Protein chains: 2
Amino acid sequence: MYSFTEENYLKTIFYLSIGTQEGVSTNALADSTNTRAASVSDMLKRLAEKGLINYQKYRGVTLTEEGERLALLVIRKHRLWEVFLAEKLQFGWDEVHVIAEELEHIRSERLIEKLDAFLGYPKFDPHGDPIPNAAGEMPRFIYRKLSEIVEGTTVIMTGVSEHSPAFLQHLDKAGLTLGCQLKVNEISDFDKSVSVLIDNVRTLFVSHEVAKNLLVK
Amino acid sequence: MYSFTEENYLKTIFYLSIGTQEGVSTNALADSTNTRAASVSDMLKRLAEKGLINYQKYRGVTLTEEGERLALLVIRKHRLWEVFLAEKLQFGWDEVHVIAEELEHIRSERLIEKLDAFLGYPKFDPHGDPIPNAAGEMPRFIYRKLSEIVEGTTVIMTGVSEHSPAFLQHLDKAGLTLGCQLKVNEISDFDKSVSVLIDNVRTLFVSHEVAKNLLVK
DNA sequence: TAATTTTTTTAGATTAGTCTAAATTTTTTA
DNA sequence: TAAAAAATTTAGACTAATCTAAAAAAATTA
């Protein structure tokens with residue numbers, strides 16, 4: 001049985017590893033976990049002893065197979081609880097993350113399998129992120145950013161790459177929700193902002209900053 | 001914000017206080033929390049400093065008003081999660097306690113109020129125990145034990161005073177569930193076992209040991 | 001490539017919660 | 001009510017997770 005803290009380190013290493021071959025640096029982990037590099041060093045030694053990470057002093061860390069499996073099981077729990085909070089308890093997608101950060105550490109396999117069934121085996125969380133299966137495997141989809149779509153193309157909004165409440169609330173105000181259809185009318189030469197036609201009914205100007213964080217297919 | 005451990009001590013003091021005027025003893029707490037008396041002494045000092053308990057060395061402890069309010073809020077969360085587990089996730093009443101022991105420490109007032117609403121504002125948990133309100137107040141019902149009911153009387157099973165999985169599973173096998181009607185036919189002179197007519201359809205012999213732990217009205 | 005800067009690790013402390021063993025207080029009993 | 005027993009507290013230590021400050025290694029730059 002691993003501690004909340006250990007589970008959080010594994011999860012953080014997993015997220016920081018996405019899209020790189022290299023190991024995750026001590027400083028990056030200290031930033032993400034709101035601790036100091038010295039504390040991270042200590043913890044990395046312990047996780048390495050337990051066989052959850054590959055660690056050599058002064059080189060970064062990567063997860064072992066077992067470490068990645070555990071990280072994905074924590075992420076599975078997090079995302080399933082997020083679905084519960086959003087769909088059953090009517091929390092906004094900007095509110096679910098903080099609560100799921102606690103719920104993800106509840107230890108009961110049966111609980112999470114029954115929750116999965118209760119929710120109807122959802123494949124995605126409220127932010128469009130895929131939910132790993134009980135074996136700790138997660139399908140990897142490759143989505144494009146709205147900022148990379150060429151003019152005239154029509155796409156579907158499938159996710160976000162930024163999960164802060166501020167960003168999600170901004171999308172709420174703009175009426176941008178998962179699954180909506182976006183037709184890229186024009187990209188401004190001046191500030192790269194995007195004019196989009198939403199669900200064929202109304203036009204909206206989306207800043208480049210926002211467009212970079214909208215995932216579409 | 002109080003730690004899991006502190007919340008558990010408060011809850012334990014609350015339960016051990018039921019039905020006594022005197023304070024709870026250090027040893028009783030050590031037994032209930034699976035720790036040693038020395039550890040309990042340490043913790044009692046800390047809880048007293050925080051104003052959650054009334055504590056004088058070598059005398060027992062009682063909860064302050066604030067301590068009792070907090071204990072009841074933890075119990076509220078525990079019991080609401082038990083209802084969720086039993087009614088929504090189809091866990092047996094013998095399984096819900098262990099999982100709720102973890103869920104009761106999730107910190108979010110909004111979560112628990114939304115959960116309460118989602119469950120339809122239940123008044124009792126799956127064992128028939130009343131659920132405290134958001135202010136930390138709990139109605140106190142006075143139930144009798146089946147073992148105290150005189151022959152010929154008809155009562156309704158409303159709760160249990162023993163919550164172990166073994167006991168609850170025993171009741172399941174006997175077909176004794178909350179809400180069933182029990183007519184006391186005869187009490188054995190020999191072993192005090194009780195012959196009861198259940199829901200007017202079948203007769204069952206209930207041992208004195210079981211009858212003592214069945215609450216009826 | 002030598003010097004400087006940055007990153008990382010080590011050393012030594014701290015806190016919460018726990019422990020054992022010893023000391024102290026209270027309760028029981030003779 | 002004095003002695004014995006039981007209950008409780010204190011003393012001192014341990015572990016996990018953290019910290020600051022100092023040392024060491026790696027990376028960058030001149």
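If you're wondering where the values come from, they're calculated on a predicted model, not measured in any experiment. Lettering follows sequence order; numbering is per chain, from 1.
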Show me the donor-acceptor pairs, under 3.5 Å and distance only, between side chains in residues 111-131 of chain B and residues at least two apart or in other chains.
unit_1, atom_1, unit_2, atom_2, d
Glu113(B), OE1, Arg76(B), NH2, 2.7
Glu113(B), OE2, Arg76(B), NH2, 3.3
Lys114(B), NZ, Leu89(A), O, 3.1
Lys114(B), NZ, Gln90(A), O, 3.3
Asp116(B), OD2, Arg76(B), NH2, 3.1
Lys123(B), NZ, Tyr121(B), O, 3.3
Asp125(B), OD1, His127(B), N, 2.7
Asp125(B), OD1, Gly128(B), N, 3.1
Asp125(B), OD1, Asp129(B), N, 3.1
His127(B), ND1, Glu82(B), OE1, 3.2
His127(B), NE2, Trp93(B), O, 2.8
Asp129(B), OD2, His163(B), NE2, 2.8

Partners of Thr177(A) by side chain to side chain contact (heavy atoms under 4.5 Å, CB included), sequence neighbours excluded? Cys180(A)
Between the main-chain N or O of Leu29(B) and the side-chain N or O of Thr33(B), is there a donor-acceptor pair closer than 3.5 Å? yes
Checking Phe205(B) now: which residues fulfil side chain to side chain contact (heavy atoms under 4.5 Å, CB included) with it, not counting sequence neighbours? Ser195(B)
Rounding to a whole Å, what distance do you find between Glu7(B):CD and dA16(C):C1'? 15 Å
Please list, chain by chain and in numerical order, all residues satisfying side chain to side chain donor-acceptor pair (under 3.5 Å) with Asn54(B), sequence neighbours excluded. Thr62(B)
Residues at least two apart in sequence or cross-chain that pass side chain to side chain donor-acceptor pair (under 3.5 Å) with Ser147(A), listed by chain then number, are none
Would you mind pulling out the nucleotide paired to dA30(C), Watson-Crick or G-U wobble, both distances under 3.5 Å? dT1(D)
Taking heavy atoms of chain B and a 4.0 Å limit, find me the 5'-most and 3'-most nucleotide of DNA chain D within that range. dA7(D) to dT10(D)
Just to verify, what does Lys212(B) make a side chain to side chain donor-acceptor pair (under 3.5 Å) with, not counting sequence neighbours? Glu209(B)
With respect to the phosphate group of dT20(C), does any side-chain polar atom (N or O) of Arg36(B) fall under 4.0 Å of OP1 or OP2? yes
Protein within reach of the bases, or only the backbone? For nucleotides 3-11 of chain C, mark each nucleotide 5' to 3' as B, S or -, using heavy atoms under 4.0 Å. ----SBBB-
Those residues at least two apart in sequence (or on a different chain) that pass salt bridge (Lys or Arg N to Asp or Glu O under 4.0 Å) with Glu102(A) are none
